[in-house]
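Single-structure report; data block below.
Keep in mind the model is a prediction, meaning the values are calculated, not measured. Start at 1 and go down the list; that is how both ligands and their atoms are numbered.
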Amino acid sequence: MRMPLIAGNWKMNGSLELVEQFGRAFAETGLPTSVEVALIPPTPYLAAMQSALAGTAVALGAQTLNPETKGAHTGEVSAEMLNEFDVRYVLVGHSERRSMYHEDDAAVLARAKAALASGLVPVLCVGETLEQREAGQTEAVVLGQVEAVFNALDAEQRTRMVIAYEPVWAIGTGRTASPSQAQAVHAAIRARLGEYDSELAARLRLLYGGSMKADNAAELLAESDIDGGLIGGASLKTNDFLAICQSAG
Ligand SMILES: O=C[C@H](O)COP(=O)(O)O
């Protein structure tokens, strides 16, 4: 019922050469038809990535957007600009944006709404820090981040979201949540979604992110409430990323 989504977030990494490499790799390698794949390069590479992925089934994603439509916002990019490059997904609330660029829940909500208004699919990233986990606050923090956005959306808008659970302590650290740790949080998110609407809970895709790699993807993806991955470091190597895509099929 839920098609897995494997999304590769390059963060501030990559090059035009790497874009070309990925284009060639996806043109040569068939993807399982039961998996949806997206690549999320830095903004300057969107046009090149759009060309490189032409003719493949791989979707394009963006790492951030500004909630305004245009104007004096030096360095920012609008939803409509992303649409000009056939972007489908856009990350909102990534922990790096929350912690380094001070994007609070209100800023995340504004971005999600701007994305939805333009037909983009927001991938809402949520997750607890190590301190919060050790203090027993994981569920409260994660569900609070979900509610900060979902409470302000209408029923139709909620159906167009994707959620990515990314424990902050597992991002880029090589320390992955165990499948059961990740599953427990995913199940809690899905149960909360069920309070809005049971059909929504059954249909919404919940991705896991945080040191997901070729050698641990299959066991994470085998969990019943993990519907894909948001991959950072391992999305920068064609073989690793393709292996993760294959393991989701
Ligand atoms: O957006 C991706 C996540 O932050 C995970 O990054 P990572 O796979 O390098 O830990």
May I ask whether Gly174 has any heavy atom positioned less than 4.0 angstrom from an atom of ligand 1? no

Can you tell which of Val146, Leu116, Leu193 makes a side-chain contact (heavy atoms from CB on, under 4.5 Å) with Met161? Leu116

Ring-face cation contact, Phe22 with Arg24, 6.0 Å cut, 45° max: no

Give the numbers and elements of all ligand 1 atoms closer than 4.0 Å to a heavy atom of [X].
X      : value
Ile171 : 4 (O), 6 (O), 10 (O)
Ala170 : 10 (O)
Gly233 : 7 (P), 8 (O), 9 (O)
Gly172 : 7 (P), 9 (O), 10 (O)
Asn9   : 1 (O), 2 (C)
Gly210 : 5 (C), 10 (O)

Ligand 1 N/O within reach of [X] N/O, cut-off under 3.5 Å:
X      : value
Thr173 : no
Gly209 : no
Gly232 : yes

Val37, Tyr89: one ILVMFWY side-chain cluster at the under-4.5 Å cut-off?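 Each belongs to a different hydrophobic cluster.
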
Does Trp169 belong to the same Ile/Leu/Val/Met/Phe/Trp/Tyr cluster as Leu207, with side-chain heavy atoms less than 4.5 Å apart forming each link? no

Basic-acidic side-chain contact under 4.0 Å: [X], [Y]:
X      : Y      : result
Asp197 : Arg203 : no
Glu36  : Arg205 : yes
Glu103 : Arg98  : no

For [atom], state which one of [options] supplies the nearest heavy atom.
atom                   : options                     : answer
atom 6 (O) of ligand 1 : Gln63, Lys213, Lys11        : Lys11
atom 3 (C) of ligand 1 : Arg175, Glu166, Met212      : Glu166
atom 7 (P) of ligand 1 : Ser211, Ser95, Ala234, Ala7 : Ser211

Would you say the rings of Phe241 and Trp10 are close, in the sense that their centroids are separated by under 6.0 Å? no

In terms of side-chain heavy atoms, does Gln183 have a donor or acceptor partner in Ser180 at a distance below 3.5 Å?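 No.
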
